[in-house]
A.B. asks: 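Once you've had a glance at the structure underneath, I'll fire off some questions.
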Number of protein chains: 2
Amino acid sequence: MGATEINNALQSNVLEDRIIDMITERLQSGEKFPTETQLAKDLGVSRTALRETLSPFEASGIIVSKQGSGRYVQLPDVSVQIVDSWRILLRAKPDMLLSFLEIRSMLEISSLGKAIERADAAQLQHMGLQVRIMKKKAARGEAFVHEDREFHKTLFISTGNIMLEQLLTAFWDLFESSPLNKQHSDLVEVADKHERMLEAFTRKDLSQLENLMNDQFADARYRIVVALNK
Amino acid sequence: MGATEINNALQSNVLEDRIIDMITERLQSGEKFPTETQLAKDLGVSRTALRETLSPFEASGIIVSKQGSGRYVQLPDVSVQIVDSWRILLRAKPDMLLSFLEIRSMLEISSLGKAIERADAAQLQHMGLQVRIMKKKAARGEAFVHEDREFHKTLFISTGNIMLEQLLTAFWDLFESSPLNKQHSDLVEVADKHERMLEAFTRKDLSQLENLMNDQFADARYRIVVALNK
DNA sequence: TACCATTTGTCCGTATGTATC
DNA sequence: AGATACATACGGACAAATGGT
C-alpha cells in the first residue's frame, strides 16, 4: 500500500521529466511524438493521466497536437498566451490599456536603433509600399489599420529578435481587441507622419525617428485618455 | 443523431462564453466559483468535460483552484507562462539568452525615466540597503544575486506599471535559470557601479543613470558571448 | 471518389487520495 | 473527527479529423 503511493508520487515527476527530455530531443529534429496509446503503454499510465501531464506543454505551445495526425514539437509563441490572459483582464479593466501602451512605446522606440542598423532593402521597400497605400486611403477618407500595423511590424521585425517580435505582436493584438482604440484620428496627418518616419529611417536619422515615434505614442495616449473619460 | 452533434458543437462554445462571463463578474468581486459538481449539473455536462473547459483558464492563471476549498478568480500573471515556454527553449538553444538580454535592457533602460519621476522615499531607502549589503558582500568575496535582483526590481516596480513588472520578472527568472549567467564578474566593480547608479537616481540625473545601466548590460552581454564560445 | 485504419478529441462512470474548513 | 471539494487515476466508448489506399 505505502509502496504504491510512493511509486505514484515518483512516477508523476519522472513522467514530466521524460516528456521534457522528449521535447528537447525533438525541438531540433521536429520528429513526431509517439501516439497517446503507445506512450501511455510505454510509461505505464492510463491515457487520461498521460493527457493531463501533456496538457501544460500544449498550453504553452511547445507541443501541438493535431487530431487524426499526431503530436508535434515546435518553437513556442508566447504572444497567444499573453493575449489570452490579458484580454479578459482588459475587458474588466479598460484603463489597463494605458499600461500596455507604455510598454509598447518603450519596446518600439528603443528598438529603432537596432532596426536602423539591421534593416535590409526589401524591408525598406515594404514599408514604402505601406506608406503609399496609407496616403492613398487617407485621401479617400478610408482607415488603414492593416497598413499601419504592417509598417510597425516590419520595423520591429528588422531587429531580428524573434522574442521581441512575439511580445510586440501580443501588444498589437491586445490593442486591436480594445474598443477604446477605435477612436479615429486625423488620417491625413497620421499617413503624413509615417511618411516622415520612413524618410528619417532611410536617412538613418535616429533622433528624428525617435521624436516622430514619440509624438505618435503621445497622440495615441491622448486619444485613449479622452475615450476613458467619456 | 445529427441534432446531438450540433448540440455538442454549440454547447462547447456556449460553455466557454459562460465561463468567461463568470470570470469577468468575479474579477472585481473576488467571489468564489460554484463547485465542479454543481456547475457541471447547471451547465448540463460531465465533470470531466467541465474540467477540460476550465483547464485553459487555469493554465492562464485567471482561475486558480485550491484543493479542498474551491476555485477563485485573480489577476493573471503572465510571467509564469512566459518562463514556462521559454525555459525549455532556452535549454535547447542557449544563444537565445542574448535576445532576452536585449529585450530586458530595452525595458529596464527606457523605464528609468518613469522610475525617477515616480519613486518614493521607501523605495529609495530599500535600494540603498541593497547597495550597502552588496558592498559588504563584495568585500568578503561573496556573490549577491539576490540583492542585485532586488535593486533592479525596486527600480522597475517604482514605474507603477504592473504589466512591466510581470514581464521583467519573467526575464529575470529566465536569466537565473540559465547556466550561462553563472559567469562571475568583478564583484567589487559591480557593487560600486550600483552605488553610482543609486547616486544618479537620487540626483535624478537620467542621462548619467542611463549610461551606467548601459555599461552594465554591455558587460553582461560580453560575459554571455564569452561563455557561448567556450 | 470512396473507403479505411490511425490518431486525437470528448465524454462517461467510478474509485481513491488529500487538502480545507 | 467528519463533511466537503478538488486531484488523480483507470477503463471504456464513440466522434471527428487526417492521411493514404
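So you know, we letter chains A, B, ... as the sequences are listed, proteins then strands, and number each from 1.
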A.B. asks: About how many Å separate NE2 of His146(B) and CE of Met134(B), when rounded to the nearest 0.5 Å?
C.D. replies: 10.0 Å
A.B. asks: Ala49(A) has a side chain; which of dT10(C), dC10(D), dA7(D) sits nearest to it?
C.D. replies: dC10(D)
A.B. asks: Check each of Arg71(B), Lys66(B), Arg51(B) against Glu58(B) using the salt bridge (Lys or Arg N to Asp or Glu O under 4.0 Å) test, and report the only one that passes.
C.D. replies: Arg71(B)
A.B. asks: So, is Ser69(A) near the phosphate of dT18(D), with a side-chain N or O under 4.0 Å from OP1 or OP2?
C.D. replies: no
A.B. asks: I'd like to know if Gln67(B) reaches the base of dG17(C) with its side chain, counting only an N/O donor and acceptor under 3.5 Å.
C.D. replies: yes
A.B. asks: In whole angstroms, how far is the C1' atom of dC6(D) from the CG atom of Leu50(B)?
C.D. replies: 12 Å
A.B. asks: dT10(C) P sits how many Å from Glu58(A) CD, rounded?
C.D. replies: 10 Å
A.B. asks: Measure from NZ on Lys66(B) to P on dC6(D) and round the result to the nearest Å.
C.D. replies: 13 Å
A.B. asks: If you find the nucleotide of DNA chain D closest to Ser46(A) and the one closest to Tyr72(A), which residue's nucleotide is nearer the 5' end?
C.D. replies: Ser46(A)
A.B. asks: Evaluate Arg149(B) against Asp173(B) for salt bridge (Lys or Arg N to Asp or Glu O under 4.0 Å), listing each step before the verdict.
C.D. replies: CA-CA 10 Å; Arg149(B) 178 165 179 162; Asp173(B) 284 344; 2.9 Å; yes
A.B. asks: Nearest to the side chain of Arg51(A), heavy atoms from C-beta on, is which of dG11(D), dT10(C), dT8(D)?
C.D. replies: dT10(C)
A.B. asks: Just the rounded figure in Å: distance from P of dG9(C) to CD of Glu52(A).
C.D. replies: 13 Å
A.B. asks: Side chain of Arg71(B) only, please: which of dT8(C), dA7(D), dC10(D) is the nearest?
C.D. replies: dA7(D)
A.B. asks: Using modelled atom types only, decide if a donor and an acceptor are shared between the side chain of Arg104(A) and the backbone of Phe100(A) within a distance under 3.5 Å.
C.D. replies: no
A.B. asks: For Leu54(B) and dC6(D), what is the distance between atoms CG and P respectively, to the nearest whole Å?
C.D. replies: 10 Å
A.B. asks: Among Ile19(B), Thr24(B), Ile23(B), whose side-chain contact (heavy atoms from CB on, under 4.5 Å) with Ile62(B) holds?
C.D. replies: Ile23(B)
A.B. asks: Please pick, from dA9(D), dC6(D), dG11(D), the nucleotide with the shortest atom-to-atom distance to any side-chain atom of Thr48(A).
C.D. replies: dG11(D)
A.B. asks: Quiz question: going by heavy-atom distance under 3.5 Å, is there a donor-acceptor pair between the base of dG9(C) and the side chain of Arg47(A)?
C.D. replies: yes
A.B. asks: Just the rounded figure in Å: distance from P of dT20(C) to NZ of Lys32(B).
C.D. replies: 13 Å
A.B. asks: In whole angstrom, give the distance that lies between atom CZ of Phe57(A) and atom C1' of dT8(C).
C.D. replies: 19 Å
